[in-house]
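Below is one structure; the comments refer to it alone.
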Amino acid sequence: QVRVVESGGGLVQPGGSLRLSCEASGSIFSRNTMAWYRQAAGKQRDLVATVSHHTGTIYADSVKGRFTIDVENTKNTMHLQMNSLKPEDTAVYYCNVRGLTKNLSPYDVWGQGTQVTVSS
């Protein structure tokens with residue numbers, strides 16, 4: 001089994017910064033894509049940023065220039081550095097990881113989410 005755990009959320013003032021982490025573990029043979037999504041209360045889940053060999057790194061227009069992904073490949077860990085945070089960034093942030101297990105079965109796993117609240 002593959003497991004995904006997010007961390008790093010919390011309460012921050014507008015203009016502040018947070019760094020989220022997503023750690024994938026378990027029976028991982030390959031990790032093809034990692035992505036951050038977010039879902040504000042009462043709204044749909046939207047893509048924030050994604051990284052893969054196929055696409056490179058792609059950011060939603062709403063976060064471009066403010067958020068940055070970096071990946072620690074040997075640790076199967078992805079970070080989302082969030083700067084210049086705005087109240088509209090408030091949401092539960094979810095990590096999604098896709099790839100192949102050690103028996104070469106595809107996996108598509110979501111973490112439980114971490115709450116980010118931007119408020120004065």
Side-chain angles (χ1 to χ4, degrees):
Q1 290 182 298
V2 176
R3 296 168 294 279
V4 174
V5 178
E6 304 99 335
S7 62
L11 175 64
V12 66
Q13 296 181 42
S17 298
L18 284 174
R19 192 170 196 241
L20 307 183
S21 296
C22 171
E23 182 179 6
S25 61
S27 185
I28 297 173
F29 176 76
S30 67
R31 172 183 40 76
N32 294 331
T33 67
M34 302 186 78
W36 287 100
Y37 290 75
R38 67 186 182 187
Q39 187 168 21
K43 298 186 177 180
Q44 68 180 28
R45 187 173 299 185
D46 294 323
L47 178 69
V48 176
T50 184
V51 60
S52 75
H53 292 300
H54 303 87
T55 65
T57 306
I58 299 174
Y59 299 93
D61 288 340
S62 59
V63 308
K64 194 173 299 182
R66 300 187 297 120
F67 292 9
T68 304
I69 280 181
D70 73 275
V71 177
E72 299 182 59
N73 286 312
T74 59
K75 298 180 179 180
N76 291 316
T77 299
M78 173 179 65
H79 305 281
L80 182 67
Q81 179 66 45
M82 305 187 296
N83 299 323
S84 302
L85 283 162
K86 304 174 181 179
E88 53 262 43
D89 296 318
T90 296
V92 178
Y93 284 70
Y94 297 92
C95 180
N96 174 246
V97 185
R98 295 187 286 119
L100 295 176
T101 67
K102 290 180 179 179
N103 68 353
L104 305 185
S105 297
Y107 66 86
D108 183 341
V109 178
W110 293 84
Q112 293 299 307
T114 185
Q115 176 71 49
V116 172
T117 302
V118 184
S119 175
S120 58

Note to self: With rounding to the nearest 0.5 angstrom, report the CZ to CG distance, F67 to N83.
What the structure shows: 8.5 Å
Item checked: Rounded distance (nearest 0.5 Å) linking atom NZ of K43 with atom CZ of R38 -> 9.5 Å
Check: Do you know which of T33, D108, N32 makes side-chain hydrogen bond (donor to acceptor under 3.5 Å, both in side chains) with R98?
Finding: T33
Check: Does the side chain of P14 come within less than 4.5 Å of P87's, by heavy atoms?
Finding: yes
Margin query: Can you confirm whether R31 sits close enough to Y107 that some side-chain heavy atom of one is under 4.5 Å from a side-chain heavy atom of the other?
Written below: yes
Next item on the list: Measure the CZ-CE distance between R19 and M82 for me, rounded to the nearest 0.5 Å.
Entry: 11.0 Å
Notebook entry, point to check: Between OG of S62 and CG of D46, what distance do you get to the nearest 0.5 Å?
Noted result: 8.0 Å
Note to self: Tell me which pairs pass salt bridge (Lys or Arg N to Asp or Glu O under 4.0 Å) where either residue lies in residues 111-120, with sequence neighbours left out.
What the structure shows: none
Next item on the list: Quick one: do R3 and S27 satisfy side-chain contact (heavy atoms from CB on, under 4.5 Å)? Show the steps, please.
Entry: CA-CA 9 Å; R3 296 168 294 279; S27 185; over 6 Å; no
Notebook entry, point to check: Does D89 pair with K86 as a salt bridge, N-O distance under 4.0 Å?
Noted result: no
Check: Hey, what do you get for OG (S105) to CZ (F29), rounding to the nearest 0.5 Å?
Finding: 12.0 Å
Item checked: Sub-4.5 Å side-chain heavy-atom contact between T77 and V71 -> no
Notebook entry, point to check: Of the non-hydrogen atoms in L47 and A35, which two are nearest, and what is the gap between them?
Noted result: CD1-CB, 4.0 Å
Check: When hydrophobic residues are tied together by side-chain contacts of less than 4.5 Å, even through go-betweens, does V63 share a cluster with V118?
Finding: yes
Item checked: R66 side, atom CZ; T68 side, atom OG1 - distance, nearest 0.5 Å -> 10.5 Å
Item checked: Neighbour count above 12 (heavy atom, 6.0 Å) for Q1 CD -> no
Item checked: Distance-minimising heavy-atom pair for E6 and W36 -> CG-CZ3, 3.8 Å
Next item on the list: Indicate the atoms forming the closest heavy-atom contact of H79 with S21, along with that distance.
Entry: ND1-OG, 2.9 Å
Next item on the list: Please answer: with hydrophobic residues joined when any side-chain heavy atoms are less than 4.5 Å apart, are L100 and M78 in the same cluster?
Entry: no
Next item on the list: Flag yes if L80 and V12 sit in one hydrophobic cluster, no otherwise; membership is Ile, Leu, Val, Met, Phe, Trp, Tyr, and two members link when side-chain heavy atoms are under 4.5 Å apart.
Entry: yes
Margin query: Let's go through V116 and T90 carefully: what are the C-alpha distance in whole Å and the side-chain angles of both, what is the deciding distance for side-chain contact (heavy atoms from CB on, under 4.5 Å) to 0.1 Å, and is it a yes or a no?
Written below: CA-CA 5 Å; V116 172; T90 296; 5.9 Å; no
Check: Taking all non-hydrogen atoms of both residues, which atom of W110 and which atom of V4 are closest, and how far apart?
Finding: C-CB, 4.2 Å
Check: Is the shortest heavy-atom distance from the side chain of S119 to the side chain of L11 under 4.5 Å?
Finding: yes
Next item on the list: List the steps and the verdict of side-chain contact (heavy atoms from CB on, under 4.5 Å) for T50 and M34.
Entry: CA-CA 6 Å; T50 184; M34 302 186 78; over 6 Å; no
Notebook entry, point to check: Taking the six-membered ring of Y94, is NZ or CZ of R45 closer than 6.0 Å to its centre and within 45° of its axis?
Noted result: yes
Notebook entry, point to check: Does C22 reach the side chain of V97, with side-chain heavy atoms less than 4.5 Å apart?
Noted result: yes
Margin query: If you count every heavy atom of other residues, nucleotides or ligands that lies below 6.0 Å from Q115 atom CD, does the total exceed 12?
Written below: yes
Checklist line | I69 backbone acceptor or donor facing Y59 side chain under 3.5 Å | finding: yes
Checklist line | S17 to Q81 - nearest heavy-atom pair and separation | finding: CB-NE2, 4.0 Å
Check: Does one hydrophobic cluster hold both L20 and Y37, with members joined at side-chain heavy-atom distances below 4.5 Å?
Finding: no
Check: Side chains of I28 and T101: closer than 4.5 Å at any heavy-atom pair?
Finding: no
Checklist line | side-chain contact (heavy atoms from CB on, under 4.5 Å) between V109 and N96, intermediate numbers included | finding: CA-CA 6 Å; V109 178; N96 174 246; 5.8 Å; no
Check: Is the backbone N or O of N76 less than 3.5 Å from a side-chain atom of E72, with the two atoms forming a donor-acceptor pair by type?
Finding: no
